[in-house]
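Worth knowing before you read on, the calculation uses all heavy atoms, side chains too, and leaves out hydrogens, waters and symmetry mates. Computed from a predicted structure; not experimentally measured. Read the numbers this way: they start at 1 and go in the same order the structure lists the ligands and their atoms.
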Amino acid sequence: MMRRFCSVLLCIAMILSLAGCRKEAEAEPTDDSRFVIGFSQVGSESDWRIANTKSMTETFSNDPRYKFVMENARQKQENQFASVRRFILDGVDLILIAPTIEEGWQTVLQEVHDAGIPVIIMDRSVAVWDDNLFLTNIGSDFLGQGKKAADWLNKETKGDDQVNILHLQGTIGATAQIMRTKALEDAVAEHDNWVVTEQLYGDFTEAKAYEVMTEFLRTNTDIDVLYSENDNMTFGAMRAFDEAGITYGKGGQVKIITFDATKEALQYCMDGKIDLCVECNPLFGPQIKDLIAQYRKGEEIPKHVYVDEKVFTSADLDQALIDAREY
Ligand code: GZL
């Protein structure tokens with residue numbers, strides 16, 4: 001009887017000690033010298049976003065001087081607000097935000113400001129009354145991207161009669177959508193023979209673009225140009241064109257313009273399936289780390305920082321260049 005009692009006691013002691021170990025193992029290092037960054041990322045909606053997340057995590061997660069906490073908003077702004085408010089409660093040292101859309105940030109950014117936590121806005125922008133609510137906005141010149149596309153289309157359609165343009169738009173209210181759309185609409189206003197036959201909402205995803213394109217092509221096939229605001233929507237559109245028997249690319253009915261210049265899009269471009277790839281560089285994790293270092297040294301940082309980008313046609317591409325691309 002006594003032996004049984006002792007063995008039960010021994011088991012209980014072992015279980016308690018194991019539980020204690022697990023707790024120790026899960027316990028965060030108490031080292032509070034690390035600079036803690038809270039990052040609210042848009043989501044995982046596109047190849048561009050996956051590459052951007054990879055650039056950020058590789059830049060910070062492998063550096064022992066930083067504790068990098070990323071939360072994925074799954075393309076919902078309210079999820080970003082919840083993340084930012086959690087970061088405030090956690091007392092992080094800096095908050096990074098890739099905003100889903102421009103509007104709606106004034107209140108939560110004021111809360112961060114009142115908590116004395118610096119903010120860097122990255123990728124897209126925020127529409128706030130006071131740009132002292134963030135240190136800097138680093139990302140692309142989206143209007144410039146659209147102008148590069150319009151300039152190329154202008155050369156390609158010189159002397160043509162009517163040019164029917166189908167416009168696939170990304171997430172409505174995102175800076176990338178607002179400015180790529182503005183560039184096209186400004187160019188259409190300057191070309192009497194350019195007509196936007198339809199603006200379809202593709203939300204920057206392949207699935208949504210395929211869905212809206214399939215529906216549109218049931219009754220409309222008089223398209224000369226597809227102006228698609230990101231590669232993943234373009235891939236969905238190409239699938240819909242194939243199923244509708246509409247040709248595209250070199251020698252095809254539809255000229256395709258796409259934004260991001262991911263590897264897959266560049267491969268299609270070199271193979272003559274896409275006519276113009278406008279680069280949108282997601283790999284700015286290292287630039288953000290440099291900006292944070294400058295801030296921590298008390299150096300002035302510019303309010304807007306633009307990343308370097310270019311455009312590609314098949315003439316600019318070869319397999320070695322594509323294979324060497326990081327995204
Ligand atoms: C651009 C970025 C856009 C990409 C899309 O900086 O905001 O969002 O062009 C992504 O692929 O979804």
Side-chain angles (χ1 to χ4, degrees), residues 39-56 70 72-77 79-80 96-105 120-127 136-149 167-184 200-210 212 226-238 256-266 268-269 274 276-285 287-288 304-312 325-327:
F39 173 34
S40 174
Q41 175 62 292
V42 165
S44 318
E45 75 286 357
S46 66
D47 296 349
W48 187 98
R49 186 68 52 195
I50 304 298
N52 180 246
T53 296
K54 184 166 179 283
S55 175
M56 297 302 291
M70 185 188 95
N72 180 327
R74 292 183 300 284
Q75 285 187 278
K76 293 192 180 340
Q77 188 182 42
N79 292 342
Q80 294 199 287
L96 263 176
I97 301 171
T100 44
I101 58 174
E102 292 194 347
E103 297 300 328
W105 288 95
I120 289 180
I121 304 296
M122 56 173 273
D123 176 18
R124 305 170 186 175
S125 302
V126 292
T136 186
N137 186 171
I138 176 171
S140 296
D141 173 6
F142 300 112
L143 187 63
Q145 290 173 357
K147 284 178 176 172
K148 289 173 190 173
H167 180 191
L168 250 184
Q169 292 183 295
T171 308
I172 300 300
T175 314
Q177 176 274 315
I178 294 169
M179 288 304 175
R180 289 169 186 165
T181 291
K182 176 175 171 34
L184 176 63
L200 299 177
Y201 171 65
D203 202 21
F204 284 135
T205 68
E206 181 168 347
K208 187 65 183 169
Y210 170 73
V212 298
L226 172 70
Y227 181 96
S228 172
E229 294 181 351
N230 92 325
D231 291 346
N232 293 84
M233 294 195 294
T234 302
F235 304 151
M238 288 161 72
I256 294 186
I257 296 169
T258 188
F259 293 81
D260 284 350
T262 56
K263 256 187 185 178
E264 188 176 359
L266 292 175
Y268 280 128
C269 187
I274 289 178
L276 184 77
C277 287
V278 182
E279 186 180 32
C280 182
N281 181 350
L283 307 177
F284 45 80
Q287 269 180 282
I288 288 181
H304 283 276
V305 177
Y306 293 110
V307 293
D308 297 331
E309 300 163 335
K310 46 181 164 305
V311 296
F312 298 92
R325 298 272 296 178
E326 281 187 67
Y327 72 99

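Residue-ligand proximity, F142 to ligand 1, at heavy-atom distances under 4.0 Å covers atoms 1 (C), 6 (O). Near S46, meaning under 4.0 Å from any of its heavy atoms, are these atoms of ligand 1: 5 (C), 10 (C), 11 (O), 12 (O). Applying the 4.0 Å criterion to heavy atoms of D123 picks out, from ligand 1, the atoms 1 (C), 2 (C), 6 (O), 7 (O). With ligand atoms numbered from 1 in the order given, ligand 1 contributes 1 (C), 6 (O) to contacts under 4.0 Å with heavy atoms of C280. Distances below 4.0 Å separate heavy atoms of N230 from the following atoms of ligand 1: 5 (C), 11 (O).
Nearest heavy-atom pair, P99 versus S125, reported as atom, atom and distance to 0.1 Å: CG-O, 3.5 Å.
Comment: R49 engages D123 in a salt bridge, judged by a side-chain N to carboxylate O separation of less than 4.0 angstrom. Using a 4.0 Å cut-off between a side-chain N of Lys or Arg and a carboxylate O of Asp or Glu, R325 and E279 qualify as a salt bridge.
Of the listed residues (Q80, Q77, Q75), just one forms a side-chain hydrogen bond (donor to acceptor under 3.5 Å, both in side chains) with T100, and that residue is Q80.
Checked against the 6.0 Å centroid threshold, F142 and Y306 do not count as a close aromatic pair.
Heavy-atom distances between R180 and ligand 1 reach below 4.0 Å in at least one pair. Residue contacts with ligand 1 do not include G139, since none of its heavy atoms lies under 4.0 Å from the ligand.
Closest to atom 4 (C) of ligand 1 by heavy atom, among N232, V307, N281, D260, is D260.
The aromatic rings of Y227 and F259 stand perpendicular to each other, their planes meeting at an angle above 60°, with 30° marking the opposite boundary.
Ranking protein heavy atoms by distance to atom 8 (O) of ligand 1, first place goes to R124 NH2, 2.7 Å. Protein heavy atom in closest approach to atom 12 (O) of ligand 1: E45 OE2, 2.6 Å.
When only modelled atom types and interatomic distance are considered, D47 and T262 share no side-chain donor-acceptor pair under 3.5 Å.
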